[in-house]
Amino acid sequence: MKIIIRPDATAACTTVADMMRTVVRAKGRAVLGLATGRTMEAVYADLLSQEARDPVGLSGCTTFNLDEYCGLAPDSAQSYRAYMEAHLFEAAGLTRAQTHVPDGRASDIDAACTAYENAIRAAGGIDLQLLGIGETGHIGFNEPLSSFASRTRRVQLDARTRSQNAEMFAGLDEDVPTDAVTMGVGTILEARRIVLLATGAAKAGIVARALQGPITAMISATALHFHPDVTVVLDTAAAADLVD
Ligand code: GLP
């Protein structure tokens, strides 16, 4: 595992955008695994502005998002599909056919999850998977006690996660869906390359436990130690609790 510490969040996000651009430039029609959350907004903004100045072929990529809430209305602005359209897909010229977000509204969720796994395989697997980290240590929505072998599936969200994400639901924890669909830890570990980004002081504690604590299913991000090509990009605030 490689750890890069940048002076601030802007620099950390640029580092991640540069890594994604390097993969897209090298691969041509790359398959990108994408993440949502406040942390990623600056990454996507940076990707779009760099693409406008010096295109590497972002519009030719195929994308797979990590997760989606269950039970939101189809046109909900809080859905991760809506987030991705607003922050990246529309401006990047990425069409519905190129972009995949798990279906949290499918009538048969299990079948939709199997289809999602099959679509990743049919695309040739993920070249680069972008990850954030939640305060429970989740990657995607793999809450504590997710098996390291888990696949795309429906999960219940931890109360801490619902609270952490309440800001997008007018601050009301009870309006955050109770369930979500997420790629499994096992699915994530099959990506050829993984980049985890965490910024801000609120992430310092969980970052230290994820990177320097014991490997445990209580913190899904500790599974990343089993992957041969992981880069963790932090700002100094998120790196503050790491010990030399
Ligand atoms: C959600 C997503 C995660 C993301 C996390 C961090 O819970 N499911 O994939 O890593 O948010 O979000 P933020 O960047 O807003 O802290």
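Both ligands and their constituent atoms are indexed starting at 1 by order of listing.
Salt bridge E190/R151: present, at least one basic N to carboxylate O contact under 4.0 Å. Salt-bridge annotation for E51 and R21: present, with a side-chain N of the basic residue lying under 4.0 Å from a carboxylate O of the acidic one.
Backbone and side-chain nitrogen or oxygen atoms of I133 are examined, and one is located within less than 3.5 angstrom of a nitrogen or oxygen of ligand 1. Considering backbone and side-chain N/O of T39, one or more are found under 3.5 Å from N/O of ligand 1.
Among all non-hydrogen protein atoms, the one lying nearest atom 16 (O) of ligand 1 is K203 NZ, 2.6 Å. Given atom 8 (N) of ligand 1, the protein heavy atom at minimum distance is D67 OD2, 2.7 Å. Considering only non-hydrogen protein atoms, atom 3 (C) of ligand 1 sits nearest to G140 O, 3.6 Å. In terms of protein heavy-atom proximity, atom 4 (C) of ligand 1 is nearest to T36 O, 3.9 Å.
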(request) Verify side chain to side chain donor-acceptor pair (under 3.5 Å) between T99 and R81, making sure each step is shown before the conclusion. (result) CA-CA 9 Å; T99 58; R81 163 59 73 176; 2.9 Å; yes
(request) Report the C-alpha distance between R38 and T199 in whole Å, list the side-chain angles of each, state the deciding distance to 0.1 Å, and finish with yes or no for side chain to side chain donor-acceptor pair (under 3.5 Å). (result) CA-CA 10 Å; R38 285 150 289 193; T199 57; over 6 Å; no
(message) The test is salt bridge (Lys or Arg N to Asp or Glu O under 4.0 Å); show your working for R160 and D158 and say whether it passes.
(response) CA-CA 5 Å; R160 287 170 292 170; D158 192 284; 3.1 Å; yes
(message) Between D241 and Q212, is the side chain to side chain donor-acceptor pair (under 3.5 Å) condition met? List the steps.
(response) CA-CA 10 Å; D241 288 357; Q212 297 183 325; over 6 Å; no
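Taking every non-hydrogen atom of G132 and a distance limit under 4.0 Å, the qualifying atoms of ligand 1 come out as 10 (O).
Heavy atoms of Q164 approach ligand 1 to within less than 4.0 angstrom. For the ligand labelled ligand 1, residue H138 lies inside the 4.0 Å heavy-atom shell.
Counting heavy atoms only, R38 comes closest to atom 15 (O) of ligand 1 of the residues M168, M40, R38. Relative to atom 11 (O) of ligand 1, the option among N165, T161, I139 with the closest non-hydrogen atom is N165.
Neither the backbone nor the side chain of Y69 comes within contact range of ligand 1; no heavy atom lies under 4.0 Å.
The one candidate from R29, R193, R192 that meets the side-chain hydrogen bond (donor to acceptor under 3.5 Å, both in side chains) condition with D127 is R192.
Ring geometry, Y80 versus F141: the interplanar angle falls under 30°, so the pair is classed parallel (tilted spans 30 to 60°).
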